[in-house]
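Convention: sequence-line order gives letters A, B, ...; per-chain numbering from 1.
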Protein chains: 2
Amino acid sequence: MATIKDVAKHAGVAISTASAAINRSAPVSEEVIAKVEAAVRDIGYVPHAAAQSLRMGQSRLIGLILPDITNPHFANVARVVESVCLEAGYMAAVYSTNEDFDRERQILRMMRAQRVAGLIIIPTRSDATHGARLAGEIHVPTVLLDSYVDGLPYDVVKLDNVGAGRLATDYLLGLGHRRIAVTTGRDNIITGEDRLQGYLEAHAAFGVPVDPNLQITGKFLQAVAHDNTLALMRAPAPPTAIFALSNMMMLGVLNALRELKLSVPEDVSVICIDDFDYANIMNPPPTVVAAPVAKMAQTAIEQLFEEILNKSQPTMAVREFVPELIIRESCRRL
Amino acid sequence: MATIKDVAKHAGVAISTASAAINRSAPVSEEVIAKVEAAVRDIGYVPHAAAQSLRMGQSRLIGLILPDITNPHFANVARVVESVCLEAGYMAAVYSTNEDFDRERQILRMMRAQRVAGLIIIPTRSDATHGARLAGEIHVPTVLLDSYVDGLPYDVVKLDNVGAGRLATDYLLGLGHRRIAVTTGRDNIITGEDRLQGYLEAHAAFGVPVDPNLQITGKFLQAVAHDNTLALMRAPAPPTAIFALSNMMMLGVLNALRELKLSVPEDVSVICIDDFDYANIMNPPPTVVAAPVAKMAQTAIEQLFEEILNKSQPTMAVREFVPELIIRESCRRL
DNA sequence: TTGCTTACACGAAACGTTTCGTATAACAGC
DNA sequence: GCTGTTATACGAAACGTTTCGTGTAAGCAA
């Protein structure tokens, strides 16, 4: 493969001059620039990224670590990050943790070996133990997306989750529902807890008591939400509405209701947080509280570049985005 | 950041010895190995991938280039590739072309700059012009997935698309349908043409004439399939069934039918190639011809590693996978 | 002409690895 | 005790860049 040495020889200049001409990093005459550029084109020179990394002490690689790329929510994030990186001449390396902590560490080590310039992490846990373990593996500018992690002192870009929980619950309460079930997240991730808090706050504001039996665990997983919905609806005094704290859990809920031959929204209303790309061909088209995913991803990657390029310290700022209620056909007025 | 020099100093050995101990690349006494490993742990040494790349002339990076990561079909591929890579100590760099040729070239240049060890490409075009342009940018082992490209002499892992087209059409014909519409792909991608050929062959085998008016262009895009379905169903003599050559186009078809207040399968039966992860919460659950996506992705990445690790030449073999009919509720017997 | 500045081109060092040829010590054979 | 062999540790070179200090010719003022 052609090196800059070949370019220099071909253009009849020194290596350092060729480098300066290519990168405009030092004054070079127009004439020489033209010769060098011609040489680059002629021999098809593409700089060796590893050599550049080595010399400059930093690669043009951005790591994006997320729970699962097949979840459309995260795929949308990936697409945005990837585009912005490409434009900036960086390469995005996307990795799914599959919620596996060993795997997460393995990925971080690999990112470290690659000397990535920065990291965007969509965390799977928020607790300090986990944060401490992660902290030791991170040595580059980092932005946390969707949630934060205790003990990881980085910028955060997230949804107003309490607000999202309230928005969904307010809507159901406004429709006259008084027994609203909720599929919760996992204990150790704050996103779910915040959304649940919104659910509780909305009840308090409406003066409606909450029934703890209506809070079923979903762990952000489709299968878990499915199983517990089955149990919930078979128990005495089932709810008239179900609020799924994430889109994956809503799928589980819908599947369970379908198996029970309960129709939505006639028998039970359903709402969730996070929109679906293909909402309109779903059965029924779901009413959701949507997050501005693309805008959030864009903000995260831009914040990251800000820190990388200007070598600025993380402000540890938390940027919260406002959720939006999208009314479709999965909730009915009682 | 700690270097191998620090490891060597800490262990009281030479750099070359430390390297040999870490990589087991030369005989080193047990005693020294122990000392070096302790040093590695103590100072948290992680090898500098760029330096390794530079020295060894190859990176531990695999490029995966696909049309669009937010398409669940491709996301599933990405997940498999990513996992296999991670296990092998490689890093996968996933990039979406968005069917944009300039962008595809830009991505390839970046892959080249990174000196990726290998490439998996899910092509967006099959024609020779495109192949020729791509060929100049590729200098590493490559495997083509889902489709091939004229003039790109690499191994191919794909579905038996003609068979898939036949399978879907046979099924509809067997249900008594005689006017079966089909949303075609793009002219310059062979996948669509093969599937269409299966459609034609099935008709011939059944002795059913095909009506060219029932072949509408879909370009593999949801929006295009949507618009043309609208026109198709409003025209005189509409079909009793629609065969979408891809899952995205089926979404467009379903949306269009929904807008026209036509129900599936009562008014019109619908089938497509490629399954949906969330098929059972769709309206209606679609009957599809599924490809063994995970198995195909696995085969592709393993074939790629075979070529990378054994430095074997591409056999230019075409591995075809057998499609499977999954009957759900979107097709009815006439 | 001389001296000073400017503009540009050059050479060499350094980034962190791996690898290859060489050095040294231990040991066996005679 | 000498030579030959084996086992293991070492030093130096090389991978392809960028960068910094130096060199040189041209331009300008006096």
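Annotation: side chain of A:Pro67 is not in contact with side chain of A:Asn98 (no heavy-atom distance under 4.5 Å). A 4.5 Å side-chain heavy-atom check between A:Pro72 and A:Met248 finds at least one atom pair inside the cut-off. Proximity of B:His130 to B:Glu104: side-chain heavy atoms (C-beta onward) are separated by under 4.5 Å at one or more points.
Atom pair B:Gln58:CD and C:dT18:C1' shows a separation of 14 Å (rounding to whole Å applied). What separates CD1 of A:Ile22 from C1' of D:dT19 is a distance of 15 Å, to the nearest Å. The distance between atom CG of B:Leu54 and atom C1' of C:dC15, rounded to the nearest whole Å, is 9 Å. B:Arg24 has its CZ atom 18 Å from the C1' atom of C:dT19, to the nearest Å. Protein atom CD of B:Gln52 is 13 Å distant from nucleotide atom C1' of C:dT19, rounded to whole Å. For the pair B:Asn23 CG and C:dG16 P, the interatomic distance rounds to 17 Å; values are reported in whole Å. As rounded to whole Å, 12 Å separates atom P of C:dG16 from atom CD1 of B:Ile4. Counting to the nearest Å, the P atom of D:dA7 and the CD1 atom of B:Ile33 are 15 Å from each other.
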Measure all distances between protein nitrogen or oxygen atoms and nitrogen or oxygen atoms of nucleotides 7-14 of chain C, and list the pairs falling under 3.5 Å.
residue	atom	partner	partner atom	Å
C:dA9	OP1	A:Ser29	OG	2.7
C:dA9	OP2	A:Ser29	N	3.0
C:dC10	OP2	A:Ala14	N	2.7
C:dC10	OP2	A:Thr17	OG1	2.9
C:dG11	N7	A:Ser16	OG	3.2
C:dG11	O6	A:Ser16	OG	3.1
C:dA14	N3	A:Arg55	NH1	3.3

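Judged by distance alone, with hydrogens and angles left aside, the side-chain atoms of A:Asp6 form no donor-acceptor pair with the main-chain N or O of A:Ala2 at under 3.5 Å. B:Arg125 contributes no side-chain N or O that, together with a main-chain N or O of B:Arg186, makes up a donor-acceptor pair within less than 3.5 Å. In this structure, the side chain of A:Gln52 does not engage the main chain of A:Ser59 through any donor-acceptor pair within 3.5 Å. Here the side chain of B:Asp100 pairs a donor or acceptor atom with the backbone of B:Asp102 at under 3.5 angstrom.
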When you look at B:Ile190 and B:Ser147, which way does the side chain to side chain contact (heavy atoms under 4.5 Å, CB included) test go after all the steps?
CA-CA 7 Å; B:Ile190 194 74; B:Ser147 193; 3.2 Å; yes
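Remark: B:Tyr45, B:Pro47, B:His48 in residues 36-49 of chain B come within less than 4.0 Å of DNA chain C through at least one heavy atom.
The two residues A:Ala11 and A:Ala39 have their closest heavy-atom pair at CB-CB, 4.0 Å.
Within 4.0 Å of B:Ser19, counting heavy atoms only, lies at least one base atom of the nucleic acid.
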